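Data first, discussion second: the structure below is written as structure tokens.
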Amino acid sequence: MESRMDVSKLFPAGFQAMLGLEEALKKSGIDKTLYALIKIRASQINSCAFCINMHTRDARAAGETEQRIYCLNAWREAPFFTEKERAALALTESVTLLADTHVPDEVFSTATAVFTKEEMAVVTMAIVVINAWNRIVVTSRTAVG
């Protein structure tokens with residue numbers, strides 16, 4: 001598949017702003033494992049091979065297990081995800097599939113039961129940012145490295 005465009009070169013200010021959001025999330029204190037799971041799950045839903053490849057490698061390097069990575073797309077049936085991870089994954093799916101789900105009250109309530117208001121803001125931003133990256137990468141057909 002041939003790349004369509006390089007957004008970093010064609011709109012460097014926008015690309016730098018996206019990198020700024022990433023940096024803000026890294027500094028937010030979000031759990032690295034949770035952040036990796038959010039990135040991988042949203043990228044799976046969005047069929048973003050570049051991001052799946054990148055974030056599964058990053059997750060492994062940070063100590064994530066193969067078992068959890070392999071079962072991530074079936075997390076509801078897998079017994080080895082925490083309550084917080086399950087809440088974040090449900091929210092990730094709802095936000096990623098926004099046009100279909102409109103983020104149901106049940107999903108939001110489950111998440112607010114395990115995350116503080118500040119954590120909810122960070123998790124929501126993490127979901128939004130990976131979805132933005134997925135849309136940039138899929139649209140531009142960035143090659144899987």
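We count residues from 1, following the sequence as given. In this text the structure is predicted, and so the values were computed from the model without any measurement.
Ionic pairing of E66 and R60 is present here: one or more N-O contacts between side-chain nitrogen and carboxylate oxygen are shorter than 4.0 angstrom. The pair E64-K32 fails the salt-bridge criterion, with no side-chain N (NZ, NE, NH1 or NH2) lying under 4.0 Å from an Asp/Glu carboxylate O.
For the atom pair CG of N73 and CD of E93, the computed distance is 9.5 Å after rounding to the nearest 0.5 Å. Taking NE2 of H55 as the start and CG of D58 as the end, the distance is 6.5 Å to the nearest 0.5 Å. From I38, atom CD1 reaches atom OG1 of T124 across 9.0 Å, with rounding to the nearest 0.5 Å. Rounded to the nearest 0.5 Å, atoms CG (L25) and CE (M125) are 6.0 Å apart. Note: T112 OG1 to M120 CE = 6.0 Å, rounded to the nearest 0.5 Å. With rounding to the nearest 0.5 angstrom, the OG atom of S140 is 8.5 Å from the CZ atom of R4.
Crowding of F81 atom CZ: a count of heavy atoms from other residues, nucleotides or ligands under 6.0 Å exceeding 12.
Proximity of R86 to T110: side-chain heavy atoms (C-beta onward) are nowhere separated by under 4.5 Å. Between S47 and V138, the closest side-chain pair of non-hydrogen atoms is not below 4.5 Å. Two residues are said to be in side-chain contact when any heavy atoms from C-beta on lie closer than 4.5 Å; V123 and L34 meet this criterion. Residues N131 and L98 are not in side-chain contact: their nearest non-hydrogen atoms beyond the backbone lie 4.5 Å or more apart.
Of the possible donor and acceptor atoms, none in the side chain of R41 sits under 3.5 Å from a partner among the backbone N and O of T92. Judged by distance alone, with hydrogens and angles left aside, the side-chain atoms of T101 form a donor-acceptor pair with the main-chain N or O of S94 at under 3.5 Å. With hydrogens and angles disregarded, no donor-acceptor distance shorter than 3.5 Å links the side chain of N46 to the backbone of C48.
For A90 against W75, the heavy-atom pair with the smallest separation is N-CZ2, 3.7 Å. Nearest heavy atom pair, residue C51 against residue V137, reads SG-CG2, 4.3 Å. Contact between F50 and A143 at its shortest, heavy atoms only, is CD1-O, 3.0 Å.
By the criterion of side-chain heavy atoms lying less than 4.5 angstrom apart, applied directly or through intervening Ile, Leu, Val, Met, Phe, Trp or Tyr residues, Y70 is not grouped with L37; the two fall into different hydrophobic clusters. L89 and L91 are members of different hydrophobic clusters when ILVMFWY side chains are connected at heavy-atom separations under 4.5 Å. Cluster annotation: I30 is connected to L19 through the hydrophobic network of ILVMFWY side chains, with a link wherever side-chain heavy atoms come within less than 4.5 Å. Neither I69 nor I52 shares a network with the other; the hydrophobic side chains, linked directly or stepwise wherever heavy atoms of I, L, V, M, F, W or Y lie under 4.5 Å apart, form separate groups for each. Using a 4.5 Å cut-off between side-chain heavy atoms of Ile, Leu, Val, Met, Phe, Trp and Tyr, with links allowed through other members, V129 and M54 fall into different hydrophobic clusters.
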Q | Verdict with supporting geometry, T96 and N134, side chain to side chain contact (heavy atoms under 4.5 Å, CB included) | A | CA-CA 10 Å; T96 301; N134 289 163; 5.9 Å; no

**Q.** Intermediate values then yes/no, side chain to side chain contact (heavy atoms under 4.5 Å, CB included), T82 and E85
**A.** CA-CA 5 Å; T82 68; E85 290 168 343; 3.1 Å; yes

Q: Verify side chain to side chain contact (heavy atoms under 4.5 Å, CB included) between V114 and E119, making sure each step is shown before the conclusion.
A: CA-CA 9 Å; V114 296; E119 289 172 327; over 6 Å; no

(Q) For F11 and Q16: C-alpha separation, side-chain torsions, deciding distance, then whether side chain to side chain contact (heavy atoms under 4.5 Å, CB included) applies. (A) CA-CA 9 Å; F11 185 36; Q16 287 301 313; over 6 Å; no

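With Y35 as the aromatic partner, K39 meets the cation-pi criteria of under 6.0 angstrom to the ring centre and within 45 degrees of the ring axis.
Listed by chain and number, the residues in a ring-ring contact (aromatic ring centres under 6.0 Å, His included) with F15 are W133 (sequence neighbours excluded).
Alongside I45, the hydrophobic cluster contains L97 (criterion: ILVMFWY side chains under 4.5 Å).
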